[in-house]
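Have a look at the structure below before the remarks.
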Amino acid sequence: MPEPSHRLRWAPIPATSLNIELSLTSGQVFRWTRNAGGAWLGAVGDIGAYIVPAERGFWWATYPPDRWNVVEAFFSLQVDVESLYREWVRSDRRFAELIDLFRGLRILRQPPESALCSFICSSCNNVPRISGMVGSLARLVARQLAVPWFEELRADPTLVDLARVQERALRDAGFGYRARYLAQLGRLACSGLTPDIEGLERFGWSEARAALMALPGVGAKVADCVGLFAYGRHDVVPVDTHVRRYVVARFRPDLATRSLTPRVYDALAAEFRGIMGPYAGWAQQYAYMAARSGVAIASLQGGTG
DNA sequence: GGTAGACCTGATAA
DNA sequence: GTTATCAGGTCTA
């Protein structure tokens, strides 16, 4: 595989501000791969990206070339995480531990339709299997990008792309019950029966969220993932099993035995947002990682200081 | 408004 | 080897 080494450009963003590996492997995106030389390869929409992490920054290339705006937006580089960290520790002293563990973890900004497909696949599932499905989906429906330094790279899929595959084929590829949702979504999109998913970004969140939740396979959690990971709604808190455990153990033990009804879901999200503030969605990713890796819940339990 | 079961599958634990 | 549980949930009755 020829590499774009002669065209690599430098971005002086230290790993303390952007931990590339952590950000790309934290269950937000599922299709980035690392080559033997430690370079990360992936697609952002229909742009190919090549990223080499280093201590004081990273080397990068895109195809088509020099699309810094794409890299910058994808990693949400306009967000100053250091100031978030200061705020978070003021809001919740024990967040210091999570910041130490996951410093440089960022919310990535993905194309909305692709994020929608990925998180429909995420229900009752684990990250390795989700990665397998999201990879299969791209191979089955998304178009191949002519990136000279990567033999096989697919664009991020769109909803109309989904119509290229039958539910049967998705089931055969191991998507399980999610196959029906994706196939339905493709048919709806091709018939013009889905809203303009990109355009929803400009609506108020409650309206956009309701429109997303009207789609097959999309409930509150998946809609919130699109809000946070695609629309840049920094305050939206997707409540999955891990975040639920975290918020219950940390702040709402009274909800420990309650099942996750829409009310309880909203209460947990509101609790966390009330404490962590306008970037609660970003903070959510740290809580998610902590709960998922099992390190923090016990030590964080009890007390509020 | 809340609950129970069904829905696919693969990895890991018991 | 078999069974149970767990994964970034959603839908229907």
Side-chain angles (χ1 to χ4, degrees), chain A residues 22-32 98 102 105-108 110 112 114-137 140 165-185 188 194 209-231 233 236-249 254-269 272 280-297:
Chain A
L22 193 50
S23 300
L24 292 175
T25 59
S26 60
Q28 301 183 60
V29 291
F30 304 93
R31 218 155 55 83
W32 282 70
L98 304 192
F102 305 116
L105 170 60
R106 281 174 176 276
I107 296 300
L108 304 170
Q110 314 170 37
S114 161
L116 188 55
C117 297
S118 296
F119 286 96
I120 285 173
C121 293
S122 76
S123 88
C124 246
N125 210 344
N126 52 65
V127 171
R129 186 171 168 222
I130 298 165
S131 302
M133 288 182 190
V134 170
S136 299
L137 188 65
L140 286 167
V165 69
Q166 299 286 319
E167 175 180 345
R168 182 70 255 169
L170 289 171
R171 288 204 175 251
D172 291 344
F175 283 73
Y177 60 82
R178 305 158 196 87
R180 183 162 47 89
Y181 300 146
L182 294 171
Q184 278 180 348
L185 197 49
L188 289 172
T194 51
R209 188 179 195 244
L212 292 170
M213 288 177 66
L215 300 171
V218 183
K221 158 65 171 57
V222 172
D224 286 349
C225 284
V226 174
L228 176 63
F229 298 133
Y231 294 158
R233 291 268 167 178
V236 169
V237 178
V239 180
D240 76 303
T241 175
H242 298 297
V243 171
R244 177 192 184 188
R245 266 197 304 136
Y246 180 90
V247 179
V248 164
D254 59 305
L255 297 178
T257 57
R258 299 278 297 277
S259 53
L260 194 62
T261 62
R263 273 172 180 279
V264 172
Y265 181 104
D266 291 341
L268 292 172
F272 194 74
W282 285 56
Q284 166 274 159
Q285 199 65 17
Y286 288 68
Y288 163 77
M289 290 297 284
R292 189 181 123 187
S293 50
V295 288
I297 290 291

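Only a predicted model underlies this, so the values are computations on that prediction, with no experimental measurement involved. Both backbone and side-chain heavy atoms feed into the values below; hydrogens, waters and symmetry mates do not. Just so we're on the same page: letters track the sequence lines, and every chain starts at 1.
Taking the P atoms as reference points, C:dA13 lies 16 Å from B:dC8, given to the whole Å. Across C:dT10 and B:dG2, the matching C1' atoms stand 16 Å from one another, rounded to whole Å. Taking atom P on both C:dG8 and B:dG5, the two are 24 Å apart, rounded to the nearest angstrom.
One can place OH of A:Tyr288 at 13 Å from C1' of C:dG9, the figure rounded to the nearest angstrom. Spacing between atom CD1 of A:Ile130 and atom C1' of B:dC8 amounts to 13 Å, rounded to whole angstrom units. Rounded to whole Å, the distance from CG on A:Leu182 to P on C:dC11 is 12 Å. Regarding A:Gln110, its CD atom lies at a distance of 13 Å from the C1' atom of C:dG8, rounded to whole Å. One interatomic measurement links the two molecules: OH of A:Tyr177 to C1' of B:dT9, which rounds to 10 Å at whole-angstrom precision. Rounded to whole angstrom, the span from the CG atom of A:Leu260 across to the P atom of C:dG8 amounts to 15 Å. Regarding A:Arg244, its CZ atom lies at a distance of 14 Å from the C1' atom of C:dC6, rounded to whole Å. Going from atom CG of A:Asn126 over to atom C1' of B:dT12 covers 10 Å, rounded to whole Å.
With centroids closer than 5.5 Å and planes inclined by less than 30 degrees as the test, A:Phe119 and the base of C:dG8 fail to qualify as a stacked pair.
A:Gly219 comes within 4.0 angstrom of the backbone, heavy atoms only, and of no base. At the heavy-atom level, A:Ser26 lies under 4.0 Å from base atoms of the strands shown. Within 4.0 Å (heavy atoms only), A:Ala220 reaches sugar-phosphate atoms of the nucleic acid but no base atom. Counting non-hydrogen atoms under 4.0 angstrom, A:Val127 reaches the backbone sugars and phosphates but no base. Counting any heavy atom pair closer than 4.0 Å across all strands shown, A:Phe229 reaches a base atom.
Applying the side chain to side chain contact (heavy atoms under 4.5 Å, CB included) test between A:Asp224 and each of A:Val236, A:Val239, A:Asp240, A:Val237 identifies A:Val236 as the sole match.
The base of B:dC8 sits within donor-acceptor range of the side chain of A:Arg129, with an N or O pair under 3.5 Å. Within 3.5 Å, a donor on the side chain of A:Arg178 pairs with an acceptor on the base of B:dC8, or the reverse.
Nearest-nucleotide mapping onto DNA chain C: of A:Gln28 and A:Val218, the residue sitting toward the 5' end is A:Gln28. Nearest-nucleotide mapping onto DNA chain C: of A:Arg292 and A:Leu215, the residue sitting toward the 5' end is A:Arg292.
Closest of all the heavy-atom pairs between A:Arg233 and A:Leu228 is O-CD1, 3.4 Å. In this structure, A:Gln28 and A:Ile107 approach most closely via the heavy-atom pair OE1-CA, 3.4 Å.
Here A:Tyr231 contributes atom OH and A:Cys225 contributes atom SG; the two are 12.5 Å apart, rounded to the nearest 0.5 Å.
Among the nucleotides C:dG8, B:dG1, C:dG9, the one closest to any side-chain atom of A:Arg263 is B:dG1.
Under 4.0 angstrom from either OP1 or OP2 of B:dT3 there lies at least one side-chain N or O belonging to A:Ser259. Contact check, A:Thr261 against B:dG2: a side-chain N or O comes under 4.0 Å of OP1 or OP2.
Base pairing annotation: C:dG8 forms no Watson-Crick or G-U wobble pair, as no partner gives both donor-acceptor distances under 3.5 Å. C:dA13 and B:dT3 make up a base pair, with Watson-Crick or G-U wobble contacts both under 3.5 Å.
No hydrogens or angles considered: nothing links the side chains of A:Ser26 and A:Tyr288 as a donor-acceptor pair under 3.5 Å.
Considering only heavy atoms from C-beta on, A:Arg244 stays 4.5 Å or farther from A:Tyr265 through its side chain.
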